[in-house]
K.L.:
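The structure under discussion is supplied below as structure tokens; questions concerning it will follow.
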Amino acid sequence: MRAFAALLDRLSLTASRNAKLRLIRDHLADAPDPDRGWALAALTGALSFTAAKPTMIRQAVEARVDPELFRLSHDYVGDLAETAALIWPARHGANREPDLSEVVDALTQAKRGEVRALLEGWLDALDADGRWALLKLVTGGLRVGVSARLAWQAAADFGGVEVAEIQEVWHAQTPPYADLLAWLDGKADRPAADAHGRFRPVMLAQPLDEADLPKLDPAAYAAEWKWDGIRVQATSEGGVKRLYSRTGEDVSAAFPDVLSALTYEGVIDGELLVLRDGRVAPFGDLQQRLNRKAADARVMAAYPAGIRAYDLLAADGVDLRGLTFVERRARLEALVARTASDRIDLSPVQPFASWEALTALRLAPPAGDPAAAEGLMLKRLDSVYEAGRPKGPWFKWKRDPHLIDAVLMYAQRGHGKRSSFYSDYTFGVWIEDANGAHALTPVGKAYFGFTDEELKQIDKFVRDHTVERFGPVRSVRADREFGLVLEVAFEGLQRSKRHKSGVAMRFPRISRIRWDKPAKEADELATLEGMLDQVEPALG
């Protein structure tokens, strides 16, 4: 457990991607089996302990520490695991420090009523770093800046193989990945990658620099709309049906209606959307279906999901990824036609004769779905389906983001290495009542888009100008005469009954901090409503 704790601690304090890769790679080289396999599972999100709940951690701490002191400490620190690890009054010598594999085995087999006693014994035996790592493992929220793909890349670096090879076999393996690690050690052959329903590594596009367009031949590319949903891989092989996100996460349980439509034998690459009569609903509708463990009949009826197909990776047991885009597209069209499902349709190819024509197309919304596309995709007609983000075959040409000036209203402490900073911001725009008085109404939240130095500056502003406190949230001074203006970029907008302002933003982020701009010159809600009015009449 000590080596795993040291790994998490160093990862949480390391911003460099290359440094994180070295840390994970070195851990895989130094840690014994099966601990290193369990560490890899934890970093990739493949571990969960259904019997262990955050409530148990709180109850265990409050049994040894004054509850009010714990509450105040948690409010200040902002992270449950970190607070409990620091405040826990350990009884050293009471127990032996556990190995990571012991913890995993015990939690996997334990009944809910047994978990708290296990946690207390381990917390007594571990130091503060070990306690923090244990609690992060138990709650499943490591928050150390490592994605599954980064962990796969580290494993590939360790074994001297391509990351696509790791992804190809990953979903046929189970923790603690003994066969996989034996292969990476050079002690065994590569594990089989022919399991039905497995995930295939996805092909990604490079952002298009408009200055490069004259260097490309328009006749060599096909264009499609970049639909505003989530990229998925719909697998139906040998009776095994699964739906994966582009990172390989199995999201099947939330979309049984989509799984039932997978009557073909093959693997479709496409966009998961809410589709009504063949038209794409706003992304907010899809959000009602995401991150659910299951979907009931009411939700499925209100937000009918489907797939807009881009590509075909396999069909009837044959891997098609080595064929050209044109060849795969022809097979995809035939498969979708045979399937004849209202939940699976084709992403239509958009004809164009020149880059000037494509530029004009990019600025025009797709007919019937004006709010549903983020931009265009360009794909070389002769491109094979290659894992990763190769340079040249595919490009994404997103529309320019919308921009507004908003005023900071509330700030909340972040998580992990940001737990001591106010890094999550709620911002608003002005509304005017019948008497001509102005007030702010919240229109969105953002927690990225700024540098570490800017984070420190905003954090100081929040602390210096707090007017109210609500647990980890602070309300800052924001009126016509004083306030911090933030330029906010966002990808889309839609009406929302859940938000007081009546609007909801898609992917809001801080574009820049307008220290120079008076709060009274920030935008009004009418500006956002005007953006909505440009879209909604076309929706009918």
Side-chain angles (χ1 to χ4, degrees), residues 210 225-229 273-274 276 279-288 359-376 397-410 425-450 478-540:
E210 293 184 43
W225 289 111
K226 187 180 188 302
W227 300 102
D228 191 13
L273 305 159
V274 168
R276 297 188 178 95
R279 294 173 61 180
V280 180
F283 184 79
D285 285 11
L286 181 61
Q287 285 183 308
Q288 305 302 314
T359 300
L361 179 66
R362 172 176 169 264
L363 298 176
D369 295 304
E374 300 177 300
L376 289 167
W397 195 10
K398 297 183 71 172
R399 290 180 178 165
D400 296 331
H402 303 287
L403 295 172
I404 63 161
D405 287 332
V407 181
L408 177 64
M409 298 178 68
Y410 306 101
Y425 308 121
T426 299
F427 46 84
V429 294
W430 296 108
I431 54 174
E432 184 177 357
D433 63 20
N435 299 319
H438 289 82
L440 287 167
T441 183
V443 292
K445 296 181 179 180
Y447 53 89
F448 69 101
F450 40 83
D479 53 49
R480 296 288 283 180
E481 302 306 319
F482 183 86
L484 179 58
V485 178
L486 305 172
E487 183 181 83
V488 179
F490 56 98
E491 301 297 332
L493 196 67
Q494 69 181 84
R495 296 193 185 277
S496 172
K497 295 180 180 179
R498 295 190 301 112
H499 295 78
K500 183 179 179 181
S501 64
V503 297
M505 292 178 173
R506 169 89 157 117
F507 288 146
R509 57 193 181 276
I510 307 303
S511 177
R512 60 176 171 151
I513 306 168
R514 298 298 307 270
W515 299 104
D516 61 313
K517 191 162 191 173
K520 63 183 178 182
E521 294 183 13
D523 283 309
E524 299 185 356
L525 183 60
T527 302
L528 290 173
E529 291 173 337
M531 294 178 182
L532 281 169
D533 292 338
Q534 294 172 16
V535 170
E536 292 196 336
L539 288 172

K.L.:
What's the verdict on side chain to side chain contact (heavy atoms under 4.5 Å, CB included) for K226 and K398, showing C-alpha distance, side-chain angles and the deciding distance?
P.N.:
CA-CA 8 Å; K226 187 180 188 302; K398 297 183 71 172; 4.2 Å; yes
K.L.:
If you look at every heavy atom in W430 and D479, which pair is closest and at what distance?
P.N.:
CH2-C, 3.5 Å
K.L.:
Determine the minimum heavy-atom distance between T426 and P442, stating which atoms define it.
P.N.:
CG2-CB, 4.0 Å
K.L.:
Would you say the side chain of F450 lies within less than 4.5 Å of the side chain of R512, judging by non-hydrogen atoms?
P.N.:
no
K.L.:
Under 3.5 Å, is there a donor-acceptor pair between the side chain of N435 and the main chain of A437?
P.N.:
no
K.L.:
Nearest heavy-atom pair of A406 and V488: which atoms, and what distance?
P.N.:
CB-CG2, 4.3 Å
K.L.:
Within this structure, what is the CZ-CG distance for the pair R514 and L408, rounded to the nearest 0.5 Å?
P.N.:
15.5 Å
K.L.:
Pick from D405, L440, V443, V407: which one makes a side chain to side chain contact (heavy atoms under 4.5 Å, CB included) with F427?
P.N.:
V443
K.L.:
How far does CD of E374 sit from CG of L376, to the nearest 0.5 angstrom?
P.N.:
11.5 Å
K.L.:
On a heavy-atom basis, which atom in V503 and which in L525 lie closest, and how many Å separate them?
P.N.:
CG2-CD1, 4.3 Å
K.L.:
Please examine the side chains of E487 and L403, heavy atoms only from C-beta on, and report whether any two atoms are closer than 4.5 Å.
P.N.:
yes
K.L.:
Grab the two heavy atoms, one from H438 and one from E432, that are nearest each other, plus how far apart they are.
P.N.:
NE2-OE1, 3.7 Å
K.L.:
Can you see whether W225 has R362 sitting over its ring - NZ or CZ less than 6.0 Å from the centre and within 45° of the normal?
P.N.:
no
K.L.:
Please report the closest heavy-atom contact between I404 and L528, naming both atoms and the distance.
P.N.:
CG2-CD2, 3.8 Å
K.L.:
Check this for me: does any side-chain nitrogen of one of D285 and R276 sit under 4.0 Å from a carboxylate oxygen of the other?
P.N.:
yes
K.L.:
Side-chain contact test, heavy atoms from C-beta onward, threshold under 4.5 Å: evaluate it for D228 versus V280 and give yes or no.
P.N.:
no
K.L.:
If you apply the rule side chain to side chain contact (heavy atoms under 4.5 Å, CB included), what do you find for E524 with V429, and how did you get there?
P.N.:
CA-CA 5 Å; E524 299 185 356; V429 294; 5.7 Å; no
K.L.:
Give the intermediate values and the outcome of side chain to side chain contact (heavy atoms under 4.5 Å, CB included) for residues K445 and M505.
P.N.:
CA-CA 9 Å; K445 296 181 179 180; M505 292 178 173; over 6 Å; no
K.L.:
For F490, check ring pair (Phe, Tyr, Trp, His ring centres under 6.0 Å) against everything at least two apart and list the hits.
P.N.:
H402
K.L.:
Could you tell me if the side chain of F283 sits less than 4.5 Å from the side chain of W227, heavy atoms only?
P.N.:
no
K.L.:
Atom CD in E210, atom CH2 in W397: separation rounded to 0.5 Å?
P.N.:
5.0 Å
K.L.:
Give a yes or no on whether the ring-centroid distance for F507 and F448 is below 6.0 angstrom.
P.N.:
no
K.L.:
Carefully, step by step, assess W515 and V485 under the rule side chain to side chain contact (heavy atoms under 4.5 Å, CB included).
P.N.:
CA-CA 7 Å; W515 299 104; V485 178; over 6 Å; no
